[in-house]
Amino acid sequence: MPLVTTTEMFKKAYDGGYAIGAFNVNNMEIVQGITEAAAEESAPLILQVSAGARKYAKHVYLIKLVEAALEDTHLPIALHLDHGPDFETCKSCIDGGFSSVMIDGSSLPFADNIAETKKVVEYAHAHGVVVEGELGQLAGVEDDVNVEHHSYTDPGQVQEFVEKTGVDSLAIAIGTSHGAYKFKPGQKPQLRFDILEEIKVRLPGFPIVLHGASSVIPELVEKINKYGGNMPDAIGIPEDMLRQAAQGAVCKINIDSDLRLAMTASLREHMALNPADFDPRQYLKPARAAIKDMVQRKITNVLGCSGKA
Ligand code: G3H
Ligand code: 13P
Ligand code: ZN
């Protein structure tokens, strides 16, 4: 089965009150762990690649890994560029076989974001590729950029943005954030569901995307700290809040940090308990299984997309 775009996936997800998981991939074990879980759950899937991942693993290796996953699982899989920083990067992924790209113009002034996004949409649509845009800015750490405060999406801007750019989906800021430290210690986790609802009214039927949606499971953080890690005060978005968003207009939920934490906890535990091991297969096998468990947990607790492939 060839790669699919997200068009059909999002339509079904919107109407069915569930969301598709968009998981970041950087190497073979991560691709395998994610796709094994999705195959077992018969869940539609978005594999996404950041500019950093392309730099780390090289475009061609990631494409070939995803091609192998398609052949192995026969699942509907979209391959998406996460946080495309500019037109050139988006073009390179469109020319290089991706079925979906994000152009992240969220830090630009509104008019410039529209202009940059429209340029990507025109090129992408001419090549059968779909585009995610972003309005509003998440707090948190993303590559080398550390944004201190949320700039919540202004619902008054969403219609104009979608109409003028022609984007296929829209990432919004309602209080999620990138990384493992999403709330300050003692701060009550909360999301602006009022903004999400208003956007749904202004863009009926239109797929909304949530970035920064890892839940930072406390048991995993405890395990990391128990085996020599140092992640004090790591806090994520409660799973029930994400589930609520998935039942509404949110059709795509981005998860990276939870995969990193699952893999790190497994590796730290394995190394601590098996200090003589030096065969990478011995420690990467449980790490891959930990990724699989995490994705299955997301499909069940957050996304609600089991059996929807
Ligand atoms: O939102 C960003 C993703 O977690 C990807 O992170 O740029 O370090 O690959 P990265
Ligand atoms: P997390 O850091 O919460 O996993 O968010 C990932 C993300 O938004 C990727 O684009
Ligand atoms: Zn993101």
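In this chain, residues are counted from 1 in sequence order. One-based numbering, in listed order, for ligands and for the atoms of each. Every value quoted in this text rests on a predicted model; they were computed, and no experiment measured them. In what follows, every heavy atom counts, from backbone to side chain, and hydrogens, waters and symmetry copies are set aside.
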Task: D256, I255, D104: member with heavy atom nearest to atom 4 (O) of ligand 1 - done: D256

TODO: Taking all non-hydrogen atoms of both residues into account, name the closest pair between F183 and Q190 and its distance.
DONE: CE2-N, 3.6 Å

TODO: Could you tell me whether ligand 1 has any atom less than 4.0 Å away from a heavy atom of R260?
DONE: yes

Salt bridge or not between [X] and [Y]? Use side-chain N to carboxylate O under 4.0 Å.
X: D15; Y: K11; value: yes
X: R243; Y: E239; value: no
X: E40; Y: K292; value: yes

Task: F98: ring pair (Phe, Tyr, Trp, His ring centres under 6.0 Å) partners, not counting sequence neighbours - done: H59

- [ ] Please say whether H178 places an N or O atom under 3.5 Å from an N or O atom belonging to ligand 1.
- [x] yes

Task: With sequence neighbours excluded, residues passing salt bridge (Lys or Arg N to Asp or Glu O under 4.0 Å) with K308 - done: none

- [ ] Give the contacting part of H83 toward ligand 1: side chain, backbone, both or neither, where contact means a heavy-atom distance below 4.0 Å.
- [x] side chain

- [ ] Just let me know how N254 lines up against ligand 1, side chain, backbone, both or neither, with a heavy-atom cut-off below 4.0 Å.
- [x] neither

Open item on the list: Working to 10°, measure the angle at the Zn ion (ligand 3) formed by atom NE2 of H83 and atom ND1 of H211.
Closed with: 90°

Open item on the list: Using a 4.0 Å cut-off on heavy atoms, what residues surround ligand 2? Order them by chain and number.
Closed with: N24, Q48, D82, H83, S177, H178, G179, K182, H211, G212, A213, S214, N254, I255, D256, S257

TODO: Just say parallel, tilted or perpendicular for the rings of F110 and F161, cut-offs at 30° and 60°.
DONE: tilted

TODO: Name all residues meeting the side-chain hydrogen bond (donor to acceptor under 3.5 Å, both in side chains) criterion together with E134; count only those two or more places apart in sequence or in a different chain, and write none if there are none.
DONE: none

